[in-house]
Structure formats: structure tokens, C-alpha cells
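Everything numeric here is computed off the predicted structure, so don't read it as measured data.
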Amino acid sequence: MTALDATSVAGEYIIAVGTASGNVILKREFSRLGANYPICHNYITTLKFSPDGQILAIGDKECQIHLWPVNQNSTQIAYKLSYVLINVI
């Protein structure tokens with residue numbers, strides 16, 4: 001486990017766990033098993049649900065941000081963004 005976040009949507013808790021191999025495991029409160037999704041090929045460094053719990057933002061070791069819709073039928077990335085850190089003097 002490299003990253004962790006949780007949310008509640010429509011009264012159901014959802015836990016997201018990131019792994020070093022680039023997978024996200026989603027565990028829903030009322031299901032016995034977690035679903036494993038290959039999101040990227042890099043170490044996942046951070047996870048954060050949107051305030052409404054519908055989107056999961058995933059940051060990886062290569063400084064990419066993946067925005068992923070969290071619903072029962074979703075298996076695809078909505079957006080993949082790259083960013084550059086700029087030092088301000």
C-alpha cells in the first residue's frame with residue numbers, strides 16, 4: 001500500500017488503496033471483495049476523492065495526475081495530466 005483515501009457516496013463507504021505497481025484497489029462497504037484496477041505503470045504516490053466522491057485523483061511517481069470516475073462500470077481513465085513544478089524565487 002502506497003496511498004489511501006476513503007469517501008462516502010449515497011450512504012456507502014468506499015476505500016481506495018494505491019500500490020507500487022500502479023494499481024488501485026477499490027473496496028466498497030457492501031461488497032466482500034475489493035476490485036483491482038490497473039491505472040498506470042508507476043508507483044502511486046497519492047489518492048484523493050472529489051468532495052462528491054465521484055472522481056478519484058491519482059498521482060504517480062512520474063508526476064502524472066490521473067482523474068478516474070468512480071462508479072460500478074468505470075474501467076477507464078477520464079483524464080491524464082502531466083505537470084511541471086516551477087520554483088518561484
Side-chain angles (χ1 to χ4, degrees):
M1 177 175 74
T2 60
L4 174 71
D5 196 23
T7 191
S8 176
V9 177
E12 179 183 33
Y13 291 106
I14 303 172
I15 298 171
V17 176
T19 69
S21 60
N23 292 335
V24 169
I25 301 165
L26 280 185
K27 174 68 174 91
R28 295 177 185 276
E29 180 179 12
F30 301 116
S31 69
R32 291 179 3 138
L33 299 174
N36 189 14
Y37 300 98
I39 299 298
C40 59
H41 300 290
N42 301 310
Y43 185 101
I44 293 176
T45 58
T46 191
L47 297 170
K48 186 66 180 165
F49 282 101
S50 63
D52 66 2
Q54 299 299 313
I55 301 289
L56 181 63
I58 304 158
D60 69 25
K61 184 178 173 183
E62 299 296 320
C63 298
Q64 292 184 338
I65 300 169
H66 308 266
L67 299 178
W68 186 53
V70 180
N71 63 42
Q72 297 286 5
N73 301 319
S74 177
T75 58
Q76 298 212 352
I77 299 293
Y79 301 98
K80 184 167 72 171
L81 310 169
S82 294
Y83 66 92
V84 176
L85 296 177
I86 301 172
N87 291 329
V88 177
I89 299 176

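A distance of 14.0 Å separates NE2 in H66 from CD1 in I55, rounded to the nearest 0.5 Å. Residue I15 holds its CD1 atom at 7.5 Å from NZ of K27, rounded to the nearest 0.5 Å. Expressed to the nearest 0.5 Å, how far CD1 of I58 lies from CD1 of I44 amounts to 5.5 Å.
In this structure, S50 and D52 approach most closely via the heavy-atom pair OG-OD1, 2.6 Å. Nearest heavy-atom pair across V17 and M1 is CG1-CG, 3.5 Å. Shortest non-hydrogen contact noted between L67 and A57 is CD2-CB, 3.8 Å. Shown here for V24 and W68, the closest heavy-atom pair between the two residues is CG1-CZ3, 4.4 Å. Across all non-hydrogen atoms, the minimal contact from E12 to E29 is CA-OE1, 3.5 Å.
Residues V70 and I25 are members of separate hydrophobic clusters, defined by side-chain heavy-atom contacts under 4.5 angstrom among Ile, Leu, Val, Met, Phe, Trp and Tyr. Connection of V9 to L26 is established within a shared hydrophobic cluster, with ILVMFWY side chains joined at heavy-atom distances below 4.5 Å, either directly or through further cluster members.
A donor-acceptor contact shorter than 3.5 Å links the side chain of D5 to the backbone of F49.
Shown here are the side-chain contact (heavy atoms from CB on, under 4.5 Å) partners of Y43, two or more places apart in sequence or in another chain: T2, A20, T45, K61.
A heavy-atom distance below 4.5 Å is not found between the side chains of Q64 and C40.
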